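For the numbers below, each heavy atom of this structure counts, side chains included, while hydrogens, waters and symmetry mates do not. A note on names: the letters A, B, ... follow the listed sequences, proteins ahead of strands, and every chain is numbered from 1. As the structure is a computational prediction, the values presented were derived from the model and not from experiment.
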Amino acid sequence: MEYGFRSIEKKWQDAWKQNNSYSVKNDPSKPKYYVLDMFPYPSGAGLHVGHPLGYIASDIFSRYKRLKGFNVLHPMGFDSFGLPAEQYAIEHGIAPAISTNQNIENFISQLDKIGFCYDWNREVRTSNPDYYKWTQWIFLQLFDAWFDRKSQTAKRIDELVLIFSKEGNPSIACPGDKKLFFSASDWNSFNEADKESVLMKYRLAFCGVGEVNWCEALGTVLANDEVINGVSERGGHPVVKKKLRQWYLRITEYAERLLAGLETVDYSESMKDMQSNWIGKSFGAEIDFEINSENELALGKNLKVYTTRPDTIFGVDFMVIAPEHELVSQITTEVQADAVSQYVEYVNSRSERERMAEKKISGVFSGSYCKNPFNGVLIPIWISEYVLAGYGTGAIMAVPCGDERDFKFAQHFDIPVTNIIGDFFDGKEANPTKEARLENSGFLDGLLMTEAMVVALNKIEEIGIGKRQTNYRMRDAAFSRQRYWGEPFPIVWKGDVAEPLSEASLPVELPPMTDLKPGPDAQGPLANLPDWVQYEGGIREVNTMPGYAGSSWYFLRYMDPKNEHEFCSREASDYWGQVDIYIGGTEHAVGHLLYSRMWTKVMFDLGYIGFDEPFKRLVNQGKIGGDSRLVYRVRGTKQFVSAGLKDAYETDEIHVDVSLVDGFELNMEGFKKWKPDFLGAEFITEDGVYKCGGRLEKMSKRYFNVVNPDDIVVKYGADTFRMYEMFLGPVEQDKPWDTKGIEGVHRFIKKFWRLFFDVEKGLVVNTSAADAASWKVFYKMLKKVEEDTARFSFNTAVSGFMIGVNELTDLNCHAKELLEKFLVILTPYAPHICEELWSQLGNVGSVLDAEYPVLEEKYLIETSKEYPVAVNGKTRIVINLELSATQEEVEAIVLKEPMIIKWLEGKPPKKIIFIKNKMINVVV
RNA sequence: GCGGGUGUGGUGAAAUUGGUAGACACGCCAGACUUAGGAUCUGGUGCCGCAAGGUAUGGGGGUUCGAGUCCCUCCACCCGCACCA
């Protein structure tokens, strides 16, 4: 019987669906294991061969865990809100809900062909009202919470109101407005609107006016991580700063816990680094400098700077403040007024993009000075865009001998440089060392900079001109979009007061719309629906939530997907707990992963779940790149020249569809028919063959290098496809797709099949006992495969299977008792063929419910070993020795070996090193 | 610039702890069965050499009886961040 994979795979995929084979219950009697894939955005392009890599790995791991007796949660869903569906709707007039559902159907059909063991009963779609009802509900929890810095937890707004009414806010610094202070009696005298505006400055989800990243082309605001080098991540459109009323998440309050939490999870070093760099914690001091100015407005004012190097305070040669700094107008002197206003105007005219692109040194002197509190020296205050308004205090003390940017600025404007680090400074380049002994530094003279840091900090605090200060680079996350295809906010505006809707009125459903043009005043499309906007005597919020809203908590919904009363019951989340293993790409390092970590912490703080890190272990699968093929057209002609000859011509390279190329050889007839342009193509060949050029690049439609998994599955079957993707190399590594190598894996599967079936004789499995040699092969394989699977080394596990099949074939082993066990351990990798053979052997039920074989060490015990014998570290011969051999015995045997005697060249051995079970080395 | 990672045959890659470098495959070469093969099977295949042997894990140096693995140094490539004081 032939291995007919097409009918076998179809048969079992249907059977699994019919029998609900992969449905999983919340069963506290069994140990749980939660394996999660990052759910996809269902794009119109469908899956290419790179997407399933992580899914296959997680599928193998899930099946393996299930066989090992765990109750495994392995769900899949769709991150179905987002920009592309909306753009598609604008371009093609198809409602996002419709195109999204079509795309999802397509995704599911592609996934099902690969034989994944998802429990589709638990599927979630972020754009379904039953799902986003709870996204909105969680938003209301964020809205109704503030962060208590003392206990480092989120608490309810009620509690804050109570504190305010008793003692005002002196003990609870306002995160939204550092200068806001009021007493209990102030609070009690505020009217409702005033109180609400104060509370808004504390809420974890809050509305504020701020500079946002505005993208004109997309007609929306983007989060910082959606802006790359001043252009939008999606589409590459220019992004400028714009002031708009926006919703935000106060993620900055969680900076410390997000940082600390990294210590408790198993992510890769680079992932942890990316996150902690993004959070960007730094230690330093805020120091007040007395301003000395001719401008009366500056009288008695201080300039507050932030520095991480208070030890260099005697090296300060100038101050720099951001052009947006509030003191700019107050410290500008009459003489400098024109220059300053010109400069500020110039800075405002520059877009974010320009600022990033050309980093030229620019700035202007304000005309005023600061006084160094320790030596009374007057320090000029400059204004320059290299200091950012949004970080620290928006003002710095510049120490050119120690800071590169300060040094360049000083050079550019001829500001004299004070050297406080002696020989460490050569006058040509700043030296940011911390190892120098300080000079010209008053009371810090002679101290090592690292020591001086503490001394200076203490002194600064002692005389009351500043304090220690920790800063974070991370900003609050913009949480609203002027778009249609996202979750509506459960908020109604009554005047300037944002009123949350009650839980009973959720979900706030997205009203159907066909024409998605933007509303007036840069508002989203929803603003065009007056009937919807008017609601209960107020006006609905017309922004929608960003793409990351739904994905910040979906892993919780899978635990209890049909619950109509709660986002997820506490019982379910207590049982399933953290995601044990989370698999996905690195592109979500600072977006999705950080937001879901924050949401989890808030839900934990408010008592809805029992853990505060969502993902215990994170594995980042590599990207599979495309292997493009290129043809070379002789410029201005219809002639195409083969790659080996192209240098003799002036050519233009053109990407050609990889399906028209076998290896590097072009199918010339196919090429002519591919596009009308090429109909009359002529070829300059090498011996009748047209060879294409090759290039590794992203797998993408526009390079015509996309390989669709469906095609591979049709040609080789899902089992081969799954194993080949794993065999390609380590899951975490990027690698190019190469269809050629798949033959080897396919051969392996066919060879495996032949252990059971002979083309002529049919079933060849027998019921006689397997011999010890076969068992040894089997258990050796079991050991390797199990260890490799457990440590996510799937490529070596596949090779373990190959070795097993090769050796069992050589041993002519067809014993049922052994092959049945083999089926069980291969099932995670190649589920269809194993299910088929399992039933062919007469078993009832699924191989997934079989028992995972237990390693029997007795078959692996060796009594002797082939020892390599080296002379001075170079292996010369291999000899077989009993494992019980002692040092003396080994020495005697080795020294009698003719080859060893030859290599000793008559010299006496100095030492013989014998490492049991490893090797022997004779030292001369 | 800062942080992280990777460099091993013609190719994808192996080598948990320092112990026979290149497992397992692809490709290639030779052969068998074949009208034929892009099916299947057998053998070979890092490089130099007829061989004995030599030589090889990006380059250089070190530690060690022994280094792909540990240390120092330099180089190349990839990813992330980037005026964050």
May I ask which nucleotide in the shown strands pairs with B/U55, Watson-Crick or G-U wobble, both distances under 3.5 Å? B/G46
Parallel, tilted or perpendicular: rings of A/F748 and A/F801 (30°, 60°): tilted
Categorize A/I915 for me: base, sugar-phosphate, or nothing, with a 4.0 angstrom heavy-atom threshold over every strand shown. base
What are the two closest heavy atoms between A/V658 and A/D627, and how far apart are they? CG1-O, 3.4 Å
Using atom NE2 of A/H588 as one end and atom P of B/C81 as the other, report the distance to the nearest whole Å. 13 Å
Determine which nucleotide pairs with B/A39, using a 3.5 Å limit on both distances of a Watson-Crick or G-U wobble pair. none
Report yes if at least one side-chain N or O of A/N806 is closer than 4.0 Å to OP1 or OP2 of B/A25; otherwise report no. yes
Of the options B/A13, B/A85, B/U20, whose atoms approach the side-chain atoms of A/P730 most closely? B/A13
Would you measure the distance from the C1' atom in B/A82 across to the matching atom in B/G68 and give it in whole Å? 34 Å
For the side chain of A/S270, starting at C-beta, report the closest nucleotide among B/G4, B/A85, B/G54. B/G4
Within this structure, what is the CG-to-C1' distance between A/D627 and B/C26, rounded to whole angstrom? 14 Å
B/C47 to B/U57 separation - C1' atoms, rounded to the nearest Å: 13 Å
Would you say the rings of A/F409 and A/F407 are close, in the sense that their centroids are separated by under 6.0 Å? no
Look through every strand shown and name the nucleotide pairing with B/C24 as Watson-Crick or G-U wobble, where both distances are under 3.5 Å. B/G12
Look at the side-chain N and O atoms of A/R747 and state whether any lies under 4.0 Å from the OP1 or OP2 oxygen of B/C24. no
5' precedence on RNA chain B between A/K783 and A/I742 (nearest-nucleotide basis): A/K783
Could you please name the partner base of B/C33, counting Watson-Crick and G-U wobble pairs only when both distances are under 3.5 Å? none
Rounded to whole Å, how long is the line connecting atom CD of A/E404 with atom C1' of B/C83? 10 Å
Could you measure between the two P atoms, the one in B/G19 and the one in B/U73, and give it in whole Å? 25 Å
What integer number of Å spans the C1' atoms of B/A67 and B/A15? 13 Å
Please classify the nucleic acid contact of A/S282 as base, sugar-phosphate, or nothing, using heavy-atom distances under 4.0 Å. sugar-phosphate
Whole-Å distance, A/H412 NE2 to B/C83 P, equals 19 Å
Between B/C28 and B/G60 - P atom distance, rounded Å: 34 Å
Could you work out which one of B/A21, B/A23, B/A13 sits closest to the side chain of A/K735? B/A13
Picking from B/A15, B/G53, B/U16, which would you name as closest to the side chain of A/T796? B/A15
Please evaluate residues A/K408 and A/E404 with respect to the criterion salt bridge (charged side-chain N to carboxylate O under 4.0 Å, His left out), reporting the C-alpha separation (whole Å), side-chain torsions for both, the decisive distance (0.1 Å), and the verdict. CA-CA 6 Å; A/K408 286 195 174 139; A/E404 196 194 331; 3.0 Å; yes
Measure centre to centre between the rings of A/F5 and A/Y716, then say whether the value is under 6.0 Å. no
Check this one for me: any side-chain N or O of A/K874 less than 4.0 Å away from OP1 or OP2 of B/U55? yes
Under 4.0 Å between a side-chain N or O of A/R876 and OP1 or OP2 of B/G54? yes
Describe the nucleic acid contact of A/I803 in one word from base, sugar-phosphate, nothing, applying a heavy-atom distance below 4.0 Å. sugar-phosphate
If we take the P atom in both B/A51 and B/A32, what is their distance in whole Å? 25 Å
Taking only side-chain nitrogens and oxygens of A/N795, does any of them come within less than 4.0 Å of OP1 or OP2 of B/A14? yes
Under 3.5 Å, is there a donor-acceptor pair between the A/T796 and A/S793 side chains? yes
Minimum-distance nucleotide to A/E787 side chain [options: B/U16, B/G3, B/A21]: B/U16
Just to confirm, is there a sub-4.0 Å distance from OP1 or OP2 of B/A85 to any side-chain nitrogen or oxygen of A/Y386? no
What is the base-pairing partner of B/C77, counting Watson-Crick and G-U wobble geometry with both distances under 3.5 Å? B/G5
So, does A/K750 get its side chain near the phosphate of B/U40, meaning an N or O under 4.0 Å from OP1 or OP2? yes
Taken to the nearest whole Å, CG/A/D810 to C1'/B/G43 is 14 Å
Spacing of the C1' atoms in B/A23 and B/G4 (rounded, Å): 30 Å
Counting N and O atoms only, with roles assigned by atom type, does the side chain of A/Q469 sit under 3.5 Å from a partner on the main chain of A/G284, one being a donor and the other an acceptor? no
For B/C83, give its Watson-Crick or G-U wobble partner with both distances under 3.5 Å, or none. none
Side chain of A/T307 - closest among B/C65, B/G4, B/A85: B/A85
Pairwise C1' distance for B/A30 and B/C78, with rounding to whole Å: 40 Å
Report yes if a donor N or O on one partner sits less than 3.5 Å from an acceptor N or O on the other, where the partners are the side chain of A/R791 and the base of B/U16; otherwise report no. yes
Any chance you could lay out the salt bridge (charged side-chain N to carboxylate O under 4.0 Å, His left out) test for A/D738 and A/K740, step after step, and finish with the verdict? CA-CA 6 Å; A/D738 170 21; A/K740 285 221 140 173; over 6 Å; no
For a quick check of understanding: with a heavy-atom distance under 4.0 Å over all strands, which category does A/W903 fall into, base, sugar-phosphate or nothing? sugar-phosphate
Could you pick out which residue, A/K902 or A/G729, lies toward the 5' side of RNA chain B when each is mapped onto its nearest nucleotide? A/G729
Rounded to whole angstroms, how far apart are CD on A/E743 and C1' on B/C28? 15 Å
Side-chain donor or acceptor of A/Y343 paired with backbone N/O of A/E385 under 3.5 Å: yes
Could you state the CD1-C1' distance from A/I913 to B/U64, rounded to the nearest angstrom? 9 Å
Proximity to the side chain of A/K740 - top-ranked nucleotide from B/G12, B/G53, B/C26: B/C26
Quiz item: A/N921 side-chain donor-acceptor pair to B/C65 base, under 3.5 Å: yes
Which nucleotide wins on minimum distance to the side chain of A/S799, given the candidates B/A85, B/G19, B/A23? B/A23
Classify the glycosidic conformation of B/G9 as syn or anti, calling it syn when the angle lies within 90° of 0. syn
Taking only the side-chain nitrogens and oxygens of A/Q733, find out if one of them lies under 4.0 Å from OP1 or OP2 of B/A13. yes
Identify the nucleotide, in any strand shown, that forms a Watson-Crick or G-U wobble pair with B/C70, with both distances under 3.5 Å; if there is none, say none. B/G62
Does any nucleotide pair with B/U17 by Watson-Crick or G-U wobble geometry, both distances under 3.5 Å, and what is it? none
Distance, rounded to the nearest Å, where A/N277 contributes CG and B/A82 contributes P: 10 Å
SB check A/K467 A/E286 (cutoff 4.0 Å): yes
